[in-house]
Structures are given as structure tokens and as C-alpha cells.
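In what follows, a structure is listed as C-alpha cells, so that the remarks can point back to it.
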Protein chains: 2
Amino acid sequence: MTAAETAVETIQREMTVFARRARASAGRMHPELSLVSYTLLGHLEERGGCRATDLAAHYALDKSTVSRQVAALEQAGLVERRLDPEDHRVQVLHLTEAGQEILAQVTQSRRAAFRERLADWPEADLVRFAAYLGRYNAGTPAGSADD
Amino acid sequence: MTAAETAVETIQREMTVFARRARASAGRMHPELSLVSYTLLGHLEERGGCRATDLAAHYALDKSTVSRQVAALEQAGLVERRLDPEDHRVQVLHLTEAGQEILAQVTQSRRAAFRERLADWPEADLVRFAAYLGRYNAGTPAGSADD
DNA sequence: CCGTTCTAGTTGTATAGTACAACTTGACCG
DNA sequence: CGGTCAAGTTGTACTATACAACTAGAACGG
């Protein structure tokens, strides 16, 4: 086996390990906001309002899944829905103030955790690792073999 | 923000993206074997037989979860349990022939998917990326901030 | 040697996240 | 208009998971 093949297998194995653990630990870290909710809130923050359908398409989730997630987030007071005056089928989703706060807080705690874990990495390695991850995910058309 | 801090944030974001997608796509790739089952089977293959408790500890899963997973795998004829003659509380788990076959087949298809996705990466990058992932996961004492 | 305590595993119950299918409401097009 | 398309919701089902209560077997200490 070539070095490249060995490397591919390692990547596969390590990504699998990582994937298996991710959600559970995210939940443990901040029980108030699941990984999905966090992601959706983050998206809303970035875009400053978007439709449920966009979220579904962007994250390769079923619209019913998004619908329920959004319902829960609204229930929790983290997002609000505004009826699009142009098209009454559409609800434009916005973060509430509480949503922004929680998002910031969770982002903060996640960032701290990552920082701690990566604390003893040389900067050059961090930069390269970040680039690799970006390249890896970019090669993934939201729904293929991304485990 | 320093370059290192930026890199840490990118790593965090990309890992999150990856984590969110992983399970679903694994399921799509080979519906016959979930990510968890695959991992457990792989472990069994590596060790050539181990106890359910070891699996639970190693993967930070509840013993009840492992118990049900194993039950399903046994039902499917992929593993078999042998009562430890030394200690009748213990069931030593072994892959069956069918289990080995399916495991090999899924490993094959997963490997192919990864290979394809990483096809245009230079070998040096693959090797470094693999090393980074290994280091990252190794820094994770099975239950901390590994998302 | 027997009772207490520990360990392995199972089972009951609950929850989250997810998908698919059926439906409702509103828009758009000819 | 009327048919078709798009956005969301709701019903239903399944998987992975955890926690708690339980059973069965082992081990240790008086």
C-alpha cells in the first residue's frame, strides 16, 4: 500500500471516530442547544434571516425536520418568524435577542473548548489543519460520502 | 485575532459541519450497517473478540446501547456471543463469517468513497491531514469536546 | 461459608433527530 | 378561472441514545 493509501485509510478511520462522538459531546457541552439548533441559529445569524426551505436545502435536511426544529426554537424564544409580505407562503426567520445571546454564549464555550484542545499545537499546524478541513468539506456536495 | 485563533475557529466550524453531516451520509452509503454497527464490528475484527463492556467503555456508550446494538447484530447473524467459561457473567463477542464479509464489503465501499473524494490531493497533504486528525482525536479522552 | 457488595448484561422507558408521505395554503401561469 | 407548483405543517415510524431498575454471577471479608 502506498503512503497515500495508508493516509486515506487513516483519514477515514479518524473521521469516523470523530463523527461518532461529535453529537453526544456537543450535547454534553451545552445541553441547551443541540448541534443542529446551533448550526441553524448560526446560519440565521450569518444571513440575518432566511426561509426554512433554504435551511433545509443548505443542510440537506428534510423540510419537516427543519419545520420542527424551527418550531422548537421559536417556542424557546430564540427565533421569530415574520410572514413575507411578498409571498404569504414564506416565513422569514430571524434571531431574537435571546437567540443572539445564547448563540454567542454557546459559540464562546465551544470556542474555548476547541482552543483548549488545540492549545499545544504549533500555529503552522493549526493553519494547515484548518485548510485541510476546509478543502475536505468543500469537496462535499452536501449529501455524498461525508463521513 | 492571530492566525492561530483564526485557524482554531475554522477548525471548529469545519468540524461542526462535518459532524452534522456524517451519520446521515454514512447511512445513505450503506444502509445495511450504521456507523455505530460498523465501528463495533471493526473493533471486534481488530481485537478478535471482546466483551460488551469493553465496547461501551471504549466508545463512551452506555452499556444498554451496546447491549441493543449487539443484540441486533446477533439477530442479523453478524456476531455471535460465547459465554466465557471463566466468568459466566461475561459474553465474549466474535464476528461470524457473515459479519466479516459485510464488514469487509462496507469497509471497501467506504474506502472507495474516501479515495474518490481525496483523489486529487497531493500525497504530502494526505499524510499531513491524516496525522492531524489522529492527533486531534488522540487529544480527546472519549467524552470531552470532540465535536 | 455465607452475606454484602461489585460487575456484566438486559429490559423498561423516555428523548432527540431524522425521514417520508399526506395534507394545507398560497402563488403563478396559461 | 383551473391546474400545477412551492412552502410549511402534521402524522407516523425508526434509530440511536441515555438513565434507572433489575437479574445473575463473582469475589471478598468476617
Side-chain angles (χ1 to χ4, degrees), chain A residues 16 19-41 49-76 79-93 142-143 147, chain B residues 16 19-41 49-76 79-93 142-143 147:
Chain A
T16 304
R20 203 175 25 67
R21 292 174 171 173
R23 273 177 214 241
S25 13
R28 249 173 275 129
M29 266 173 73
H30 29 259
E32 72 281 11
L33 209 56
S34 77
L35 201 49
V36 187
S37 306
Y38 175 71
T39 306
L40 298 184
L41 253 44
C50 75
R51 305 178 305 159
T53 298
D54 298 339
L55 292 176
H58 197 275
Y59 295 110
L61 293 170
D62 192 81
K63 53 188 178 157
S64 67
T65 301
V66 172
S67 173
R68 286 186 235 264
Q69 287 286 336
V70 168
L73 291 173
E74 190 194 26
Q75 194 68 27
V79 308
E80 64 183 17
R81 328 189 202 200
R82 303 183 194 151
L83 220 63
D84 184 343
E86 305 283 292
D87 183 342
H88 277 207
R89 290 170 304 181
V90 171
Q91 299 169 356
V92 184
L93 305 169
D147 47 324
Chain B
T16 304
R20 205 178 18 70
R21 293 173 170 173
R23 273 177 214 239
S25 14
R28 249 173 275 129
M29 265 173 74
H30 28 257
E32 72 282 9
L33 210 57
S34 78
L35 201 49
V36 188
S37 305
Y38 175 72
T39 306
L40 298 185
L41 254 44
C50 76
R51 305 178 306 161
T53 298
D54 298 338
L55 292 175
H58 197 275
Y59 295 110
L61 293 169
D62 192 81
K63 54 189 179 156
S64 66
T65 301
V66 173
S67 174
R68 286 185 236 264
Q69 287 286 337
V70 168
L73 291 173
E74 189 193 28
Q75 194 68 28
V79 309
E80 64 183 16
R81 329 191 201 197
R82 302 183 195 152
L83 218 66
D84 184 342
E86 305 282 294
D87 183 339
H88 278 206
R89 291 169 305 181
V90 172
Q91 300 169 355
V92 185
L93 305 170
D147 47 324

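The chains referred to below are lettered A, B, ... by the order of the sequence lines, with proteins before strands, and numbering in each begins at 1.
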State which of D/dC19, C/dA8, D/dT10 makes the closest approach to the side chain of B/Ser64. D/dC19
Not counting sequence neighbours, which residues clear side-chain hydrogen bond (donor to acceptor under 3.5 Å, both in side chains) with B/Arg68? List them please. none
Across all chains, not counting sequence neighbours, the side-chain hydrogen bond (donor to acceptor under 3.5 Å, both in side chains) partners of A/Asp84 are none
Let me have a per-nucleotide readout for nucleotides 25-30 of chain C, 5' to 3', with B, S or -, counting only protein heavy atoms under 4.0 Å. -BS---
C/dT10 phosphate, OP1 or OP2, under 4.0 Å from B/Ser67 side-chain N/O: yes
How many Å lie between CG on A/Leu73 and P on C/dA16, as a whole number? 13 Å
Is the phosphate of D/dA16, meaning OP1 or OP2, less than 4.0 Å from a side-chain N or O of B/Thr65? no
So, taking the atom named CG in B/Leu93 and the one named CG in B/Leu55, what distance separates them when rounded to the nearest 0.5 Å? 6.0 Å
Heavy atoms of A/Val79 and A/Leu41 approach each other most closely as CG1-CD1, 3.7 Å
Ignoring backbone atoms, establish whether A/Thr53 has a side-chain N or O less than 4.0 Å from OP1 or OP2 of D/dA6. no
Measure the distance from CD on B/Glu74 to C1' on C/dT10 and round it to the nearest whole Å. 13 Å
With sequence neighbours left out, which residue pairs that include part of residues 54-66 of chain B fulfil the salt bridge (Lys or Arg N to Asp or Glu O under 4.0 Å) condition? B/Arg51-B/Asp54
Could you check how far CG of A/Asp62 sits from P of C/dA16, rounded to whole Å? 19 Å
Which value, rounded to the nearest 0.5 Å, describes the distance between B/Cys50 atom SG and B/Gln91 atom CD? 12.0 Å
Roughly how far, to the nearest 0.5 Å, is the CG atom of B/Leu40 from the CG atom of B/Leu61? 7.0 Å
Starting from C1' on C/dA8, measure out to CG on B/Leu93 and report it in whole angstrom. 11 Å
Measure CD/B/Gln91 against P/D/dG25 and give the value in whole Å, please. 12 Å
To the nearest angstrom, how far is A/Leu83 atom CG from C/dT24 atom P? 19 Å
Sequence neighbours excluded, which residues qualify as side-chain hydrogen bond (donor to acceptor under 3.5 Å, both in side chains) partners of A/Ser34? A/Ser37
Report each atom pair, protein N/O against N/O of nucleotides 13-15 of chain D, whose distance is under 3.5 angstrom.
none

Euclidean distance, atom CG of residue B/Leu40 to atom P of C/dG9 [Å, nearest integer]: 13 Å
Nearest-Å distance for atom pair NZ/P, residues A/Lys63 and C/dT24: 14 Å
Nearest listed nucleotide, side chain of B/Ala52, among C/dT18, C/dG9, D/dG8: C/dG9
So if I take every side-chain heavy atom of A/Val36 and compare against C/dG9, D/dG8, C/dT18, which nucleotide ends up nearest? C/dT18
